[in-house]
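Whatever order the structure lists them in is the order used to number ligands and atoms, beginning at 1.
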Amino acid sequence: MSQLDSTPRSLGRELQSLVWQPHGPLTRELQQAPAGFGLGQLPQTRHPDRTIGSVCGFCSVGCQLRVHLKEGVAIDVTPAPDYPVNVGMACPKGWQALSVLKADDRATTPMLKDAAGVLRPVDWETALQTFTRKFQEIQRQHGPESVAFLSTGQIATEEMALLGAVAKFGMGMVHGDGNTRQCMASAVVAYKEAFGFDAPPLTYRDLEESDVIVLVGANPCIAHPILWERIVRNRHRPELIVVDPRRTETAMQATQHLAIRPKSDLLLFYGLARILIDREAIDKKAIDREFINRHCTGFEEFESFLRDLCLDEVVAETGISLERLQSIARLIQNGRRVSFWWTMGVNQSHQGVRTAQSLINLALMTGNIGRPGTGAHSITGQCNAMGSRLFSNTTGLLGGRNFTDPQHRSEVARILQIDETRIPSVNSASYHEILEQIDAGKIRGLWVIGTNPAHSWIDQNQFQQVLDKLDFLVVQDMYTTTETARQADLLLPAAGWGEKEGTFINSERRIGLIRKVSAAPGQALADFSIFRLIAEYWGCGELFREWNSPAAVFQILKRLSRHQPCDFSGVTDYRMLEVCGGIQWPLPEGSPQPSAERRLFEDGRFFHADGRAKFCFEASRPLPEPVCSEYPLLLLTGRGTAVQWHTQTRTAKSAVLRKLAPSEIYVEIHPQDARRLGVEPHQKVTVTSRRGHLLARAFITASVPVGQAFIPMHYPETNRLTQGVFDPWSKQPAYKSSAVRISTATTVAGVVTGREIVYPESCEH
Ligand code: SF4
């Protein structure tokens with residue numbers, strides 16, 4: 001209490017308020033009593049009359065939340081104690097899953113841009129007629145390929161399959177991609193080439209069973225908090241080797257932190273492979289020849305490739321001494337159950353595919369796959385990234401097939417009972433190729449579903465110029481205020497997680513149920529219903545008569561999966577998913593009751609025709625944009641906190657999550673760089689790359705190395721700086737290595753104030 005408050009009169013008031021408050025809840029409403037459902041004590045008003053399990057709609061960990069229902073209304077969530085993924089845990093995003101549905105900026109009615117360029121509410125009839133008329137007009141004038149879609153890993157598998165089928169088999173589109181291109185594409189290609197199918201082998205239990213865990217470009221402490229908890233539950237006192245340029249929250253917990261130079265990871269893993277091969281001369285167990293001979297191809301070529309590798313170059317490029325490399329190789333060699341895990345630090349690179357494969361190679365050559373606590377595992381990002389990989393019908397044909405394979409097209413045509421000529425025989429353009437085609441005037445209509453590329457795509461200045469070239473932009477979203485929705489010609493209001501049914505597939509291939517526990521606001525509809533309406537208005541509804549509910553589509557997906565590596569024809573229905581706590585694919589028809597956690601490749605058979613895994617490799621390539629005197633710092637981007645999700649479209653709607661997150665964009669700078677640049681803590685600085693600049697608050701910390709800077713991905717300005725460089729095989733953007741400079745000057749509306757840092761020479765570009 002302040003001095004002012006301590007007068008006898010105010011003291012009296014304070015005391016009185018403790019015993020009698022004329023306003024607020026009654027004592028009996030606050031009094032706690034057993035709530036049932038294993039929830040412990042809760043105030044009466046929070047007592048549910050039933051609970052229902054639904055997989056979380058944020059990240060790919062795929063935790064199950066128990067939604068508390070009272071008189072049919074969802075009032076709370078708690079983590080499910082018996083779900084094999086999260087066993088009673090949830091991160092702050094999961095706990096706040098319901099609050100983000102109640103935002104003021106929910107899209108509650110379709111909106112159409114008027115002549116003055118203002119979005120105005122219209123009815124569904126007008127919206128659907130306009131959608132059809134505009135896109136059909138564009139296709140008539142410029143051909144079927146002139147309209148494309150960009151989808152998301154955030155909607156249910158049944159929805160993304162329906163979208164892909166309606167767009168490609170009904171509307172005649174050829175090009176469609178998803179925001180999973182931004183996070184998972186490199187892992188997909190890596191697995192396909194190495195294992196013969198996009199098949200992450202993991203089960204989360206492996207995190208508890210390894211004695212050596214190698215985490216690369218991954219920060220599960222904040223990015224996948226429940227996976228971090230699974231590591232914490234490991235009773236084998238594992239060696240935790242974290243490979244990351246930054247001293248992240250996870251790196252701080254590591255037994256070994258390898259703070260390598262950005263994007264030297266490929267060389268690092270080749271170097272470790274080379275050391276292990278060299279060591280075989282003195283210790284036969286350094287690599288697992290028996291496993292290699294029985295289950296792999298391409299090792300001789302890999303070995304001979306590594307013989308030309310210069311370890312001095314590895315040391316110079318990675319910044320890790322030879323002694324340290326040897327000691328890490330020894331840890332891998334001596335580990336009985338070694339597992340390798342990676343996320344965006346690997347995938348979002350100019351050589352993401354080969355880097356992912358260099359980890360797969362290490363697992364294969366040491367026989368660390370198909371046994372408990374082993375394997376090479378990509379952890380996905382979005383809640384349904386895995387569903388998108390198998391069933392979005394974007395760059396791959398339904399069920400993990402290829403558009404260019406006539407046999408695959410004929411299988412899908414037979415299963416769906418459609419004319420085979422409706423299935424495109426060419427691959428879709430990838431995300432950035434779609435944008436290039438918009439730029440070139442070939443694609444003129446774009447349908448964006450559940451993603452926010454006007455924030456998340458690289459090189460935003462260029463992206464905005466491309467977007468301006470469209471004749472018609474349709475955005476389908478929960479909110480009216482995303483950076484992309486604001487630019488729509490037509491906005492279709494979509495229901496969100498919790499307002500619709502379907503399934504997600506998580507990182508460990510677990511198919512889990514999402515449930516409708518709340519009504520969508522206003523006229524917003526489930527994406528599933530919007531796609532069905534569009535099919536009807538387009539005139540191709542007849543093709544999709546059987547696709548009349550998510551549960552019906554689930555049966556179609558089962559048929560599409562049959563005899564594929566992802567076969568889940570043995571999952572009878574949603575009820576079975578509910579009873580089993582989700583089910584990992586594969587589960588072919590006739591399989592016995594599945595155990596709660598299953599890993600792939602326990603029989604040593606992979607999905608290539610010869611049943612073997614393949615060693616894949618290629619020489620490392622230099623950084624596309626090295627630092628120079630004009631742009632002397634390397635900018636890393638990534639997740640900032642556990643309470644922010646991607647573009648914050650949803651997490652910023654929760655007052656709780658907002659309170660826990662930094663309110664404005666910041667840049668992490670090492671103290672030495674800050675001193676050199678004259679930057680004070682919390683000072684506003686300008687960060688400039690060749691593509692643009694932004695203002696950010698300086699956060700001076702030794703967690704980022706000298707010569708590097710870090711800005712979280714969650715702020716719309718971040719991608720003004722990033723560069724349009726892609727992995728050549730996966731076409732995934734390299735978000736994590738742009739050359740920048742930082743100055744204490746701040747530019748507001750084109751006026752420069754403060755002190756510019758002058759660098760001695762300019763660089764050639
Ligand atoms: S870890 Fe992921 S799935 Fe689990 S509660 Fe958090 S956001 Fe949801």
Note, R246 side chain near L636 side chain (heavy atom, < 4.5 Å):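 R246 reaches L636 side chain to side chain.
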V55 side chain reached by N506 side chain, heavy atoms, under 4.5 Å: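 Side chain of N506 against side chain of V55, heavy atoms only: no contact under 4.5 Å found.
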Which of the atoms of ligand 1 are close to [X], meaning less than 4.0 Å from one of its heavy atoms?
{"X": "G94", "result": "5 (S)"}
{"X": "F58", "result": "7 (S)"}
{"X": "G62", "result": "3 (S)"}

Other residues, nucleotides, ligands: >12 heavy atoms within 6.0 Å of R50 CZ: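 Result for CZ/R50: open.
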Within 45° cone of F37 ring axis and under 6.0 Å: R66 NZ or CZ: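 The answer is no; the distance or angle limit is not met.
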For the student: nearest non-hydrogen atoms of D49 and E71, plus distance: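 Result for this residue pair: OD2-N, 2.7 Å.
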Nearest protein heavy atom to [atom], by residue and atom, and its distance?
{"atom": "atom 4 (Fe) of ligand 1", "value": "C63 SG, 2.3 Å"}
{"atom": "atom 1 (S) of ligand 1", "value": "I226 CG1, 3.5 Å"}
{"atom": "atom 2 (Fe) of ligand 1", "value": "C59 SG, 2.3 Å"}

Modelled atom types, side-chain donor and acceptor of Q382 and N179, under 3.5 Å: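 Judged by distance alone, the side chains do pair up.
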Under 3.5 Å side-chain donor-acceptor pair for T722 and N719: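 Checked: T722/N719 side chains pair up, N/O donor to acceptor below 3.5 Å.
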Metal site atom 6 (Fe) of ligand 1: N/O/S of C91 inside 2.8 Å: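 Given the 2.8 Å cut-off, C91 counts as a ligand of atom 6 (Fe) of ligand 1.
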Ligand 1 contact by N86, heavy-atom criterion under 4.0 angstrom: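 Per 4.0 Å heavy-atom rule, N86 does not contact ligand 1.
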Residue C56, metal atom 8 (Fe) of ligand 1, N/O/S under 2.8 Å: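 Checking atom 8 (Fe) of ligand 1 against C56, an N, O or S atom does fall under 2.8 Å.
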